[in-house]
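Reading through the structure tokens given below for one structure.
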Number of protein chains: 2
Amino acid sequence: MRPVPTSIAVKLPKAAELIAERGLDQTKIEDIAEATGIPKTTLYYYFVGKEEILVFLQRDLLAEVADAVAIAVDTDGTAADRLREVMRAQLRVMAERPAVWRAFIADLGRAARLPELVEALANAYYAPVEQLLGEGGADGSLRCSEDPATTAMAIFGAATMVGLRHVLAGHDLDAERMAEQVIAFVFGGLAA
Amino acid sequence: MRPVPTSIAVKLPKAAELIAERGLDQTKIEDIAEATGIPKTTLYYYFVGKEEILVFLQRDLLAEVADAVAIAVDTDGTAADRLREVMRAQLRVMAERPAVWRAFIADLGRAARLPELVEALANAYYAPVEQLLGEGGADGSLRCSEDPATTAMAIFGAATMVGLRHVLAGHDLDAERMAEQVIAFVFGGLAA
DNA sequence: TGTAATATTGTACTTCGAGTCCCACATAGT
DNA sequence: ACTATGTGGGACTCGAAGTACAATATTACA
């Protein structure tokens, strides 16, 4: 993949909508070309195939998540406060870029097969969250979890599924409201 | 899709492994034919295309989830007890059929695009769980949740992601142990 | 048991889209 | 002006999806 100039990059999110709608394999390169206004030949100049176009978008999305999470982690407050911020950040990104997020989830398997993306997600999300879980145990703002990696995964799963439901349903979801619900669930638990 | 005889059905899970490994579009019909021992022509006799083969497997998996969940729901005990059983059931199915589950997640987007499967998942999982959440509020074994649908989604997400991590990592995961961790998370919450 | 319907399979074919090639032109750096 | 690199058009190749058809097996049932 050559470095993609912004003139191209800005047009690509249009492709995400197609891919989210139909899936990658039902999306012809020609369709992407037409939707984005980038000729097929030019697409092949930058990307080795249509997979790579999706990877570009996914990478971009993860970078955004990483930024948002990093900002949240750097907030003042207890680890619990900052974890809440992280979850809000995640759902905010989902709400802001529903098409790319849908494309991401729609091709989760592909993403999982690419070590680069797995690592990107780990760095963007799990690592900071695990860090927070550790700090929360230390500062007393969070219950100490014996397996932070699993807990981080569970948090991500809970937030992602809830977001996904809205994104798939096509509501323009109220990220803050949704975040508060997930936060209540994740912090309070179900026990009476 | 014609009714698929068991002689065919029992061979299809072999295909799930291929699909889980490479994704559906990297899996040639010929590969599926070779792996399962079912000739291409016969596959086309029963399925209109390779998508439908995956749908068949996904439908089958959801039926298994539905059964396991239904049994769990019918257990004696408080709603909380039964919800715990449901989560164990889910992770047990994931652990038992890792390939199909991976294929399912790998093509989550496709599944989400098929109303039939969305409904099947809703009936198999969300509906019973929402029901349990309601009963738990009534019998006092669960904290009353103001939005049971969202809570059900979050529970499913937490369990699924945790299971997914193990399934993708290729550990043969200890479903019971994993279930206890997720249960602890879901019931206890993170708050100190 | 004979016969019709349906299932199973091989071989050859059509079709369609991904990805390539090559050529033309534009733009920019030196 | 002239070389690099980017942009784009149009025709091409090639591989895999899916189809057509014919041959054989199996089942249903009269």
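No experiment lies behind these values; they were computed from the predicted model shown. In what follows, chains are A, B, ... by sequence order, proteins preceding strands, each numbered from 1.
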From [atom1] of [X] over to [atom2] of [N], roughly how many Å is that when rounded to an integer?
X	N	atom1	atom2	result
B:L43	D:dA16	CG	P	16 Å
B:E34	D:dA16	CD	C1'	15 Å
B:Q26	D:dA16	CD	C1'	12 Å
B:F47	C:dA7	CZ	P	13 Å
A:Y45	C:dC23	OH	C1'	15 Å

Apply side-chain hydrogen bond (donor to acceptor under 3.5 Å, both in side chains) to A:T78 and list each qualifying residue two or more places apart in sequence or on a separate chain.
A:D81

Could I get the full list of side-chain hydrogen bond (donor to acceptor under 3.5 Å, both in side chains) partners for A:E34, not counting sequence neighbours?
none

State, without any angle test, whether B:Q90 and B:T160 hold a side-chain donor-acceptor pair at a distance under 3.5 Å.
yes

Inter- and intrachain pairs under ring pair (Phe, Tyr, Trp, His ring centres under 6.0 Å), touching [range], at least two apart:
range	result
residues 137-156 of chain A	A:Y125-A:F156, A:Y126-A:F156
residues 60-87 of chain B	none
residues 57-81 of chain B	none

Please determine, for D:dC21, whether a Watson-Crick or G-U wobble partner exists with both distances under 3.5 Å, and give it or none.
C:dG10

Under a 3.5 Å limit on both distances, the Watson-Crick or wobble mate of C:dC22 is D:dG9

Residue pairs meeting side chain to side chain donor-acceptor pair (under 3.5 Å), one or both in residues 63-77 of chain A, sequence neighbours left out, come to A:E64-A:R97

Ordered by number, residues from residues 4-21 of chain B within less than 4.0 Å of DNA chain D (heavy atoms) are none

Protein heavy-atom contacts under 4.0 Å, written 5' to 3' over nucleotides 14-21 of chain C as B (base), S (sugar-phosphate only) or - (none), form the string ---SSBBB

D:dG6 phosphate, OP1 or OP2: any side-chain N/O from A:R2 under 4.0 angstrom?
yes

More than 12 heavy atoms from other groups under 6.0 Å of CD on B:E119
no

Hey, is D:dA17 sitting syn or anti, using the within-90° cutoff around 0?
anti

Residues 14-22 of chain A, side-chain donor-acceptor partners within the protein, below 3.5 Å, at least two apart:
unit_1, atom_1, unit_2, atom_2, d
A:R22, NH1, A:D31, OD2, 2.9

